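Computed from a prediction, not measured in an experiment: that's the story for all the values here. In listed order, ligands and their atoms are each counted from 1.
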Amino acid sequence: MARRGAASNYFVGAIQEVPKAKDLVASLSKGVVLGKKGTVTDEAFVEKARLDNCPSVSPHLKGQTKLVFKPDLTLEEVQAKNPKVHRGRYRPEECRALQRVAILIPHRHREKHLLYLLEHLHPFLQRQQLDYGIYVIHQAGSKKFNRAKLLNVGYLEALKDEIWDCFIFHDVDLVPENDLNLYRCEDQPRHLVVGRNSTGYRLRYSGYFGGVTALSREQFFKVNGFSNNYWGWGGEDDDLRLRVELHRMKITRPLPEVGKYTMIFHKRDQGNEVNIGRMNLLHQVSRVWRTDGLSSCGYKLLSVNYNPLYVNITVDFWSDP
Ligand code: UDH
Ligand code: MN
C-alpha cells in the first residue's frame with residue numbers, strides 16, 4: 001500500500017495551544033481502543049485527567065549514569081524489567097506528563113544495538129516522567145539505506161497513533177549517559193549530542209546536527225521534515241540544519257557535561273556507503289525544501305507491529321539511485 005503526504009489537521013497551533021479538553025477527548029477515545037487489547041483501561045485515562053502536571057524537572061533524575069552493555073542480554077530480560085511499558089508506550093502514573101514524546105529510531109541490521117538502546121532508554125525516559133512511545137522504522141531490502149526518509153516515515157506514521165508534541169530523531173547506537181539530557185522539545189529545535197565517547201566528547205564540528213535531535217511537531221512540519229534524497233551515509237543532518245536555519249530558527253544544545261553519549265562501537269554498514277553526491281544536494285536546499293520532504297515522502301508500508309517495548313514499522317522504498 002503506497003502512502004503519500006501528511007494530514008494537515010495535526011499541525012495547528014503550538015504545543016501549549018492544544019486545548020486540554022481536546023487532549024482529553026483524544027485520550028479517552030484512544031483509551032477505548034487500547035482498552036480492548038487489555039493494555040490501558042478507560043479508568044486509567046479518566047484518572048490521568050485528574051492528575052496534576054509533572055514538575056518541569058523530575059525528582060527521579062540520577063544525573064550521570066554508568067552504562068554497562070552485557071554481551072548476553074536478551075529482549076525478554078529487557079521486557080521483564082519494563083512491565084509498565086505496553087506497545088512501546090508509557091505514561092507516568094503519578095502526574096500528567098508535560099509533553100507527549102515520540103522517539104523515532106531508523107534501523108536495519110542493528111538488532112544488538114537496538115536491544116542495548118531499549119534497555120537504557122526505557123528507564124531513562126521513565127525517570128524523566130515522559131509520556132512517550134518508541135518507534136523503530138525498519139528499512140526492508142538491501143537498497144541503499146536512507147536514514148532521513150525513514151525518519152519522515154516515522155513522523156507520519158506515529159501521528160496516526162497519537163498527536164505527539166515532540167519528536168526525538170535517534171540513532172540506534174547512541175546511548176545517553178546523563179539523565180539531565182531532557183528528551184523534550186523547546187521553542188527552538190534542539191541537538192542533544194554534544195559529544196560522544198568516540199570523539200572525546202567534543203562536538204564533531206560546529207553546526208553538527210546529527211545523531212539525536214528534538215523537534216516539536218510544528219518545527220518539523222514547518223521545515224517540511226527531512227529531504228528524501230540522501231541515499232547512503234552523510235549530509236541529511238546538515239540538510240535539516242539548513243532547513244531549520246532557513247526558517248530563522250536557532251539550534252540549542254545541552255551543556256557539554258549533559259549532552260554526553262556512548263556510541264556502541266560499529267563499522268560502516270553495507271548498503272550505507274558514503275554519499276558522494278551530498279555536497280551537491282546541500283547546495284539546493286533553499287530551492288527544494290518545499291517540494292522535497294514530508295510533503296513528497298512516498299513509501300511502501302509493509303507492516304506495523306506493536307511489540308511490548310516498541311512499535312516496529314517496516315517500509316520499502318521503491319526508488320534509489
Ligand atoms: N543505520 C542502521 N543500519 C544501517 C545503517 C544505518 O540501522 O545499515 C541507522 C542507525 O540508526 C545508525 C544511523 O542509521 O545509528 C546512522 O548510521 P551510522 O551509525 O552508520 O553513522 P555514523 O556516523 O557512522 O555513526 C559512520 C560509519 C562509521 C565508520 C567508522 C570508521 N571510522
Ligand atoms: Mn553510529
| task | Start with the C-alpha distance between Asp238 and Arg278, add both sets of side-chain angles, then the distance that settles salt bridge (charged side-chain N to carboxylate O under 4.0 Å, His left out), and finish with yes or no. | result | CA-CA 10 Å; Asp238 296 317; Arg278 66 190 191 283; 5.9 Å; no
| query | Step by step, would you call Phe226 with Phe169 a ring-ring contact (aromatic ring centres under 6.0 Å, His included)? | reply | CA-CA 11 Å; Phe226 279 100; Phe169 302 94; 5.7 Å; yes
Does the residue [X] have a heavy-atom contact with ligand 1, meaning some pair of atoms that are separated by less than 4.0 Å?
X      : value
Met263 : yes
His266 : yes
Gly271 : no

Under 3.5 Å between any N/O of [X] and any N/O of ligand 1: does that happen in this structure?
X      : value
Arg268 : no
Asp173 : yes
His109 : no

Those atoms of ligand 1 less than 4.0 Å from some heavy atom in [X]:
X      : answer
Asp171 : 11 (O), 13 (C), 15 (O), 16 (C)
Pro106 : 7 (O), 9 (C), 10 (C), 11 (O)
Trp233 : 21 (O), 22 (P), 23 (O), 24 (O), 26 (C)
His107 : 7 (O)
Val172 : 10 (C), 11 (O), 15 (O)

| Counting heavy atoms only, which of Asn272, Val136, Ile105 is nearest atom 17 (O) of ligand 1? |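 Minimum heavy-atom distance to atom 17 (O) of ligand 1 goes to Asn272.
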| Among Gln139, Lys267, Arg110, Arg147, which residue places a heavy atom closest to atom 20 (O) of ligand 1? |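 Considering heavy atoms of Gln139, Lys267, Arg110, Arg147, the nearest to atom 20 (O) of ligand 1 sits in Arg110.
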| request: Test salt bridge (charged side-chain N to carboxylate O under 4.0 Å, His left out) on Lys62 and Asp179 and set out the steps. | output: CA-CA 6 Å; Lys62 287 198 213 154; Asp179 277 2; 5.9 Å; no
Can you confirm whether [X] sits close enough to [Y] that some side-chain heavy atom of one is under 4.5 Å from a side-chain heavy atom of the other?
X      : Y      : value
Asp239 : Asp237 : no
Ile134 : Ile105 : yes
Tyr310 : Arg87  : no

| salt bridge (Lys or Arg N to Asp or Glu O under 4.0 Å) with Arg110: which residues, sequence neighbours excluded? |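 Arg110 satisfies salt bridge (Lys or Arg N to Asp or Glu O under 4.0 Å) with Asp173, Asp269 only.
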Of all the non-hydrogen atoms in the protein, which one sits nearest to [atom], and at what distance?
atom                    : result
atom 14 (O) of ligand 1 : Phe145 CE2, 3.4 Å
atom 7 (O) of ligand 1  : Arg108 N, 2.9 Å
atom 5 (C) of ligand 1  : Asp269 OD2, 3.3 Å

| Does His191 have any ring-ring contact (aromatic ring centres under 6.0 Å, His included) partners at least two apart in sequence or in another chain, and if so, which? |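 His191: ring-ring contact (aromatic ring centres under 6.0 Å, His included) contacts with Tyr208, Phe209.
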Exceeds 12 heavy-atom contacts within 6.0 angstrom, atom [atom1] of [X]:
X      : atom1 : answer
Arg202 : CZ    : no
Lys70  : NZ    : yes
Lys112 : NZ    : yes

| Run the side-chain hydrogen bond (donor to acceptor under 3.5 Å, both in side chains) check on Tyr132 and His122 step by step: do they pass? | CA-CA 9 Å; Tyr132 72 86; His122 277 295; 2.7 Å; yes
| message | Under 2.8 Å from the Mn ion (ligand 2), which protein N, O or S atoms do you find? Ignore water molecules. | response |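 Correct list: Asp173 OD2, His266 NE2.
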| query | Any protein heavy atom sitting closer than 4.0 Å to atom 32 (N) of ligand 1? | reply |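 When distances to the protein are checked, atom 32 (N) of ligand 1 has no heavy atom within 4.0 Å.
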| message | Checking contacts now, so for atom 9 (C) of ligand 1, which I'm interested in, is there any protein heavy atom under 4.0 Å? | response |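 Protein heavy atoms within 4.0 Å of atom 9 (C) of ligand 1 - there is at least one.
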| said: I want to check a possible cation-pi pair here: Lys260 against Tyr201, using under 6.0 Å from ring centre and within 45° of the ring axis as the test. | reply: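 The answer is yes, since Lys260 meets both limits relative to Tyr201.
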| message | Going by ring-ring contact (aromatic ring centres under 6.0 Å, His included), name the pairs with one or both residues in residues 269-298, residues two or more places apart or in two chains. | response |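 The answer is His247-Trp289.
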| request: Please determine, by modelled atom types, if Asp292 and Asn224 share a side-chain donor-acceptor pair under 3.5 angstrom. | output: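 The answer is no; no qualifying pair exists.
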